[in-house]
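The analysis underlying the following values was restricted to heavy atoms, covering all of them including side chains, and did not include hydrogens, waters or symmetry mates. Indexing begins at 1, ligand by ligand and atom by atom, following the structure's order.
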Amino acid sequence: MKSTESMTDFDRIIDRRELLKGSLVLGAGAFVATAIPAARVLAHPTIRFNPVAANGHDTVTVPEGFEWRVVAAWGDPLWSGEPGFDQVTRGTAASQAMAFGDNCDGMAFFQVNDRYLLAVNNEYCNRNIIYGNRASGLPENDDDVHKGMAAHGVSVFEVARRDGQWRIVLDSPYNRKITAATPAEITGPARGHDLLKTTADPTGTRSLGTWNNCGNGVTPWGTFLTCEENFNGYFAAPGQPEAELSDALKRYGVKTKDRGYDWSRVDDRFDVARNPNEPNRAGYIVEIDPSAPQSAPKKRTAMGRFKHENCEVVVADSGHVVAYMGDDERGEFIYRFVSSGRFVPGAEGNGDLLEDGVLSVAKFEEDGSGRWIELTPEATGMSREEICVLSRVAGSRVGATTMDRPEWVAANPHKAEVYCCLTNNKNRGIKPNAGGDPTPVGGPNPREANRYGQIVRWVPAGGDHTAEGFSWDLFVIAGNPGVHDDARAGSANVNVDNMFNSPDGLAFDSLGNLWIQTDGNYSNEGDFAGMGNNQMLMADVETGEIRRFLVGPKECEITGITWSTDKRTMFVGIQHPGEDNPATCHFPDGGSSVPRSAVIAVTRTDGGYVG
Ligand code: FEO
Ligand code: CA
Ligand code: CA
């Protein structure tokens, strides 16, 4: 705690609460790794700031009294002796293998003894940027392809605050690159199943790498969960473009036509005609122990296979570990995993809790009630292993509710309630999902051809995250009240000063503020007039009030958020600045530089709390 002389008003509020409340018990969902002092749990917390206006600037805008700095940008070396980012070549396979990956997304801050680590997903590449040195804007040789593979995955690195600024600690023993080639272990019920066997791995137990890592989760035992999302986009069948793929592969969007990564050029695993089971080995929650850099990432088949957005973990009062997960595709489902075992703080067996449990899908009713339907062999007509690998098919068989692209899920750390961004869905009410399930307008998906998105909230029955039932409502329906006066204006807590579209990233801070990050249309015209660049807003979930906190640079998405242990730094991800028109965007280096995705650190100029 700071000295009284340097305390801010906000610190004083916290200290006064500390005196008043004495010893508050942390909510069951509080993470050991990021546990906050009980004194900082406020009844009605907030972070005070004057909201920022929407804008189209090519920089990050934060409120007065706050500041930001870059911590790590695409291509920044994690080891010494490596060249810095090369503005001309944009790196090689060799340099990228030693450097921070591209398109940062979900991330988490860890404290290991007295050291601080960031684990950051590197979701994908903008081919026109990473291969902007090529006339085609695509990989043109094997080295280019390997560069792209090394830009995907997860970057783990130590950070330290020097001269008031967070920086990468080069050569830290914790620094690690997990890419599309890193050996991983397949665990859980489907381990060794025929669906997971390939020529290269006839045991169906060892896969190589992880890619298209989107949102994330953190476990109470201090591991990072990286979520494999659009894994399908890396497979092709270059020699057999007319090959007929199975219905199961089609349900997951696997195609024979290459989408510009050309991975099958250097590795047969990505030739789906030759290795039709390889896509079955991706699309999982992958558990990584950042404190053990030699450990193999573990793919958790018990948690289902779909286009995983993030993985919000809470511990139920019973001790069962509950994970809420969205499947980001039009008309796909929201899932819940409940571990078979129970979490015991400090126990050695905690590391295996995600290996076994019950996977369910959400069914929302029009009357505001809902329930979790267990994906059992009896309910689905599928084996346990098939349910793990073909979870979408299982969800369809039990009639789960088709959603408007479920993105991040966030659980309130102070009470049993859960929020999920439904980002948008142009097919709502118009087209079924890829499994043929209808997508009727109604319930938590109330608008046809939904362009703006909404955030659904549910409360588990009896406050028990393992309960079958829940009640739900819509916390916010995004819209544009400056353009529309019908349902497209949005809910009452949307106004011309805070409007946004396509909520995506979502997280609670330790005080109970809800942070909303957007990945939407940044044209700032027509239906989106007045919304500006993608942004981050803070919501008070008690009052429903939403205020814009941050605006990103041109053509970026804001995604990924985590806090330092002392809650005085908020790390935020700026993904794909200048994605469509890279010549017009120069974030973060300015001048005529190549735009680069980056993790930034946001702090208060007075050093106060930011979450
Ligand atoms: Fe990777 Fe659904 O965002
Ligand atoms: Ca996302
Ligand atoms: Ca998105």
By atom name, which N, O or S atom of E407 is the nearest to atom 2 (Fe) of ligand 1? OE1
Do the side chain of R281 and the main chain of L196 share a donor and acceptor less than 3.5 angstrom apart? yes
Any N/O/S atom, backbone or side chain, of D328 lying under 2.8 Å from atom 1 (Fe) of ligand 1? no
The N/O/S atom of D504 lying closest to the Ca ion (ligand 3) is OD2
To 10 degrees, how wide is the angle SG (C214) to atom 1 (Fe) of ligand 1 to OE1 (E229)? 90°
Of all the N, O or S atoms in E123, the one nearest to atom 1 (Fe) of ligand 1 is OE2
Using only N, O or S atoms, tell me which atom of D519 is closest to the Ca ion (ligand 3). OD2
Looking at F306, does the NZ or CZ of R251 lie under 6.0 angstrom from its six-membered ring centre and within 45 degrees of the ring axis? no
Test item: side-chain donor near acceptor, D504 and T559, under 3.5 Å: no
N, O or S from D328 under 3.0 Å to the Ca ion (ligand 3): no
Result of checking D437, D247, D327 against R392 for salt bridge (charged side-chain N to carboxylate O under 4.0 Å, His left out): D327
Do F500 and R548 touch side chain to side chain, with heavy atoms closer than 4.5 Å? no
The atom of E309 among N, O or S that is nearest atom 2 (Fe) of ligand 1 is OE1
Cation-pi geometry met for R90 and F85 (6.0 Å, 45°): no
Between E229 and H308, is any pair of side-chain heavy atoms under 4.5 Å apart? no
Report yes or no: does E557 have an N/O/S atom closer than 3.0 Å to the Ca ion (ligand 3)? no
For E407, what is the atom name of its N, O or S atom nearest to the Ca ion (ligand 3)? OE2
